[in-house]
There are 2 protein chains.
Amino acid sequence: MLDHRGRLDRLFHALADSTRRDVVERLVRGPASVSELAGSHSMTLQAVMQHLKVLEACGLVRTEKVGRVRTCALRPEGLRLAEGWLSGQRTGWEDRLDRLGELLEPDS
Amino acid sequence: MLDHRGRLDRLFHALADSTRRDVVERLVRGPASVSELAGSHSMTLQAVMQHLKVLEACGLVRTEKVGRVRTCALRPEGLRLAEGWLSGQRTGWEDRLDRLGELLEPDS
DNA sequence: CCAATAGTCAAGTAATCGCTTGAGTATCCG
DNA sequence: CGGATACTCAAGCGATTACTTGACTATTGG
């Protein structure tokens, strides 16, 4: 329950960087190796690896090394957790507006 | 369209702090003054104001000063934008899995 | 009027971030 | 074998973050 807090912290922090979001968008289309991911971002391989570490730490990405290639894949549960918090807030807000509306116009 | 990138950066960054998420959760229940928000967070008023500035800059919160009190309210559009990106990725992922499944089991 | 209240401006600080360079190590191919 | 490939480890660095303290302004209630 309190881990939830830190989990969301790490999750939203991970998503707050467009390079990392690009990685996620790429991995939605299927797994990729580290150098494959680095290819499209004019940035050193090491930098991409650091981003990958962040994505892995928050549970958004799973990686596995086979031979000399590390293959990265998406883990959608993280996305769902963040989505859940967001939609919870939004619907909470909408419910409140509905109740306010009913107070002003008590028909329907 | 390119502003979208920076907008999501700021949005997710704003949500990556649990104090700021607390503020959002509070504002879902209705508007509040700055000191009201500061009350529950053992932290100076100034710190809370800085968080508020972040929330305002990314469009999640709207504030208005009347007399000597500044009243803060939620703006749900930001939530919707972030939610949209997240669900886009998730459904992209699910569609891909569906297509994979059809390849393996070509019935239905 | 005047003190308490509510917020504001500015500067300083320790920690973290995103990225780099440089120097490995392990695997694979010819 | 030997060179190319694919990472990995570590240190450093400028920028940004999340606060703090301290001083100041504008309202408001008695």
Side-chain angles (χ1 to χ4, degrees), chain A residues 2 5-27 30-73 78 82, chain B residues 2 5-27 30-73 78 82:
Chain A
L2 271 172
R5 233 181 158 66
R7 184 100 196 277
L8 281 175
D9 280 3
R10 273 175 272 131
L11 208 36
F12 282 125
H13 166 74
L15 295 172
D17 181 289
S18 48
T19 303
R20 283 191 295 258
R21 284 199 309 279
D22 281 351
V23 168
V24 169
E25 287 176 1
R26 167 61 190 79
L27 292 181
S33 73
V34 179
S35 22
E36 207 168 337
L37 291 171
S40 26
H41 298 289
S42 58
M43 176 186 306
T44 60
L45 187 75
Q46 290 94 317
V48 174
M49 293 258 297
Q50 279 162 23
H51 284 304
L52 241 15
K53 217 170 195 173
V54 172
L55 288 167
E56 213 174 349
C58 76
L60 266 176
V61 162
R62 173 176 42 80
T63 80
E64 192 196 0
K65 189 161 187 178
V66 91
R68 64 180 165 174
V69 173
R70 178 170 296 275
T71 303
C72 312
Chain B
L2 272 171
R5 229 179 162 66
R7 183 100 195 277
L8 281 174
D9 280 2
R10 274 174 272 129
L11 208 37
F12 282 125
H13 166 75
L15 294 172
D17 181 289
S18 48
T19 303
R20 284 193 293 261
R21 283 200 309 279
D22 281 350
V23 168
V24 169
E25 286 177 1
R26 167 63 189 80
L27 292 181
S33 73
V34 178
S35 21
E36 206 168 337
L37 291 172
S40 25
H41 299 288
S42 58
M43 179 186 303
T44 60
L45 188 73
Q46 291 94 314
V48 174
M49 293 259 295
Q50 279 162 24
H51 283 305
L52 241 16
K53 219 171 196 172
V54 172
L55 288 166
E56 212 174 350
C58 75
L60 265 175
V61 162
R62 173 176 43 80
T63 80
E64 192 196 1
K65 189 161 186 178
V66 96
R68 65 181 163 175
V69 9
R70 177 171 297 275
T71 303
C72 313

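Residue numbers start from 1 in every chain, and the chains themselves are labelled A, B, ... in the order their sequence lines are given, proteins ahead of strands.
- Between B/Arg68 and B/His13, the residue whose closest nucleotide on DNA chain D is further toward the 5' end is B/His13.
- Taking for each of A/Asp17 and B/Leu45 the nucleotide of DNA chain C with the nearest heavy atom, the 5'-most of the two is the partner of B/Leu45.
- In this model, the phosphate group of D/dT20 is approached by a side-chain N or O of B/Thr44 to a distance below 4.0 Å at OP1 or OP2.
- Counting distance only, with no hydrogens placed and no angle test, the side-chain atoms of A/Gln50 and the base atoms of D/dT8 include no donor-acceptor pair under 3.5 Å.
- Rounding to whole angstrom units, CE of residue B/Met49 and C1' of D/dT25 are separated by 12 Å.
- Here the closest heavy-atom approach between residue B/Thr63 and residue B/Cys72 is recorded as CG2-SG, 4.0 Å.
- Taking the side chain as every heavy atom from C-beta outward, B/Arg70 and B/Met49 never approach each other to under 4.5 Å.
- The base of C/dG22 sits with one of its N or O atoms less than 3.5 Å from a complementary donor or acceptor on the side chain of A/Gln46.
- Residue B/Leu52 contributes atom CG, which lies 15 Å from atom C1' of D/dC19 at whole-angstrom precision.
- For B/Glu64 and C/dT8, the CD to P distance is 13 Å, given to the nearest whole Å.
- In this entry the distance linking CZ of A/Arg20 with P of C/dC17 reads 9 Å, nearest Å.
- B/Lys53 has its NZ atom 12 Å from the C1' atom of C/dG7, to the nearest Å.
- Listed pair A/His51 / C/dC19 meets the phosphate criterion, a side-chain N or O lying under 4.0 Å from OP1 or OP2.
- In this structure, the CG atom of B/Asp22 is 11 Å from the P atom of D/dC19, given to the nearest Å.
- Dashed line: the shortest gap from a side-chain N or O of B/Ser35 to OP1 or OP2 of C/dG7 is under 4.0 Å.
- A/Arg5 places a side-chain heavy atom less than 4.5 Å from the side chain of B/Asp22.
- Residues B/His51 and B/Asp17 meet the side-chain proximity criterion, which asks for heavy atoms closer than 4.5 Å.
- Protein atom CG of A/Asp9 is 15 Å distant from nucleotide atom C1' of C/dC17, rounded to whole Å.
- Distance check, rounded to the nearest 0.5 Å: CG of A/Leu52 to CG of A/Leu60 gives 11.0 Å.
- Rounded to an integer number of Å, the gap from B/Arg10 CZ to C/dC17 C1' is 19 Å.
- For C/dA26, neither phosphate oxygen OP1 nor OP2 lies less than 4.0 angstrom from any side-chain nitrogen or oxygen of A/Lys65.
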